[in-house]
There are 2 protein chains.
Amino acid sequence: MQLPEAKQKFIETWGKLGSEWGINRTMAQVHALLLVTPDALTTEQVMEELSISRGNANMTLRDLIGWGLVEKQLRPGERKEYFYADKDIWNIARQVAKERRKRELEPVLKTLEELVQVKGDKNDPEFKTFHKSMTDINKMSKNADRMLDTMLQADESWFWGSIFKMFK
Amino acid sequence: MQLPEAKQKFIETWGKLGSEWGINRTMAQVHALLLVTPDALTTEQVMEELSISRGNANMTLRDLIGWGLVEKQLRPGERKEYFYADKDIWNIARQVAKERRKRELEPVLKTLEELVQVKGDKNDPEFKTFHKSMTDINKMSKNADRMLDTMLQADESWFWGSIFKMFK
DNA sequence: TTAAACTTTCAAAACTTTTTGAAAGTTTAT
DNA sequence: ATAAACTTTCAAAAAGTTTTGAAAGTTTAA
């Protein structure tokens, strides 16, 4: 397989993976493109490479910046904006985990907290089952959340830090 | 908040979370319904409770069985099929992780393996960036995969087993 | 100023996914 | 063998999501 074909395949694969995990396909594709490109690209170049419209390219690039995955670069004497993706995969994973936790997990944790509080008749099986499920899910989510938090700060924690070094 | 309202809220929340993470909303909702219901339900009851069509209920229930989250129960002397969800949240999480790894991560790992092999000119920055990204992503994915695998078998591993006990 | 070079917006169109419901299929009891 | 009770299928419709592109907005240089 030659480089251009390989790039295409990577963009396609990354896009598919993204969409299966709730990330807009185009966003994942633009990210993939920037990941395999040594230097920063302009909106125009992204449009060109992926055959997408200006509006789409613009919105997607802004989203990627919002996710902390891409940065805008300005070059002295040039008006165009250039976009560059961090290529450290560990940073990328961290960043995505962080954002999704904030955007999607946190609101759920808040709701669960409420639902655990719901009072009812302790002899009613309906209530018992509901309460147990809420308590269990809440407990596990909180633990997962704490664990994620610890992992995200792994560099600062000797304990997880040393465990993760095994995997880096 | 009263029980029926709380149930509704949980079903809604679970459904939303599912769809944000690439799981069909209805499937997550049916699962949520079964999670807060002490006993097994029939297709008819699921249709009724969630106001969905027979076809949809049937397909969704079969999908849930395919994910290993729900089991079909048959009662002696009855023709109807009853559906029951495992309520152990640790099992649920394990099961979902296992399935998604198999369905979505494995194919990506296979493609990455190919892409790492792609040969090219070592002085071409295009090639260098591509190759480095592929190698890094591949390495991390493999590690994540190994880690997941270890976690899924945590019960059988003294090392992770003892770490996870802290979180259970 | 002005106009050229860019970026952003958003309503409408295209596309994708999910849902419906009626018809076909299957199983069981008699 | 029949028919009632139940489950499955799938084409068409609805719902949801993403993309387009032209127009509006902004910034900069002269």
Side-chain angles (χ1 to χ4, degrees), chain A residues 11-34 40-67 70-84 100 103-104, chain B residues 11-34 40-67 70-84 100 103-104:
Chain A
I11 290 168
E12 189 190 313
T13 305
W14 208 235
K16 196 172 149 226
L17 184 66
S19 70
E20 282 165 346
W21 288 81
I23 283 159
N24 168 331
R25 203 182 71 237
T26 305
M27 184 164 142
Q29 286 181 337
V30 171
H31 185 227
L33 171 63
L34 293 174
L41 297 180
T42 62
T43 303
E44 210 81 27
Q45 289 172 302
V46 170
M47 288 164 59
E48 165 85 3
E49 292 271 355
L50 301 178
S51 316
I52 61 175
S53 72
R54 184 174 299 285
N56 196 5
N58 177 264
M59 282 190 157
T60 300
L61 286 166
R62 272 197 297 116
D63 281 358
L64 282 168
I65 291 171
W67 278 71
V70 162
E71 63 171 41
K72 209 185 254 195
Q73 288 184 346
L74 292 175
R75 302 191 173 175
E78 283 215 63
R79 290 233 212 129
K80 270 199 285 287
E81 296 175 331
Y82 287 79
F83 299 91
Y84 180 82
R100 298 202 74 163
R103 295 178 193 208
E104 295 147 14
Chain B
I11 290 169
E12 189 191 313
T13 305
W14 207 237
K16 198 173 148 222
L17 185 66
S19 71
E20 283 165 347
W21 288 81
I23 284 159
N24 169 334
R25 206 184 66 239
T26 304
M27 183 164 143
Q29 287 181 337
V30 171
H31 185 228
L33 171 63
L34 294 174
L41 297 181
T42 62
T43 304
E44 209 82 26
Q45 290 173 302
V46 170
M47 287 165 61
E48 165 86 4
E49 291 270 355
L50 301 178
S51 316
I52 62 175
S53 72
R54 183 174 301 284
N56 196 5
N58 175 66
M59 280 190 156
T60 300
L61 285 166
R62 273 196 296 113
D63 281 357
L64 282 168
I65 291 172
W67 279 71
V70 162
E71 63 171 39
K72 210 184 255 194
Q73 287 184 346
L74 292 175
R75 301 190 176 179
E78 283 214 64
R79 286 233 212 129
K80 271 200 285 292
E81 296 175 331
Y82 287 80
F83 298 91
Y84 180 81
R100 297 201 75 161
R103 295 177 192 208
E104 294 146 15

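Just so we're on the same page: letters track the sequence lines, and every chain starts at 1.
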Hey, are the side chains of [X] and [Y] touching, using non-hydrogen atoms and a 4.5 Å cut-off?
X: B:T43; Y: B:E81; answer: no
X: A:N24; Y: A:T60; answer: no
X: B:R100; Y: B:I23; answer: yes
X: B:F83; Y: B:K72; answer: yes

Students often mix this up, so state it plainly: with edges at 30° and 60°, are the rings of B:W14 and B:H31 parallel, tilted or perpendicular? tilted
With heavy atoms of chain B within less than 4.0 Å as the criterion, where does contact along DNA chain D begin and end?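 In short, chain B contacts DNA chain D from D:dA4 to D:dC10.
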Contact list for DNA chain C against residues 49-59 of chain B - heavy-atom distance below 4.0 Å: B:S51, B:I52, B:S53, B:G55, B:N56
Flag, side chain of A:Q45 to backbone of A:T42, donor-acceptor distance under 3.5 Å: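 Such a contact is found between A:Q45 side chain and A:T42 backbone.
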Would you mind pulling out the nucleotide paired to D:dA23, Watson-Crick or G-U wobble, both distances under 3.5 Å? C:dT8
Between A:G77 and A:T60, which has a closest nucleotide on DNA chain D that is more 5'? A:T60
Around atom CZ of B:R25, are there more than 12 heavy atoms of other residues, nucleotides or ligands at under 6.0 Å?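 Result for CZ/B:R25: open.
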Atom CD of residue position B:E48 - does it have more than 12 heavy atoms of other residues, nucleotides or ligands inside 6.0 Å?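 Atom CD in B:E48 is not packed in, count stays at 12 or less.
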Exercise: identify the closest heavy-atom pair between A:L74 and A:K80: CD2-O, 4.2 Å
Strand-adjacent residues in residues 17-27 of chain A, judged by heavy atoms under 4.0 Å from DNA chain D: A:N24, A:T26
Give the intermediate values and the outcome of side-chain contact (heavy atoms from CB on, under 4.5 Å) for residues B:L17 and B:T13. CA-CA 6 Å; B:L17 185 66; B:T13 305; 5.6 Å; no
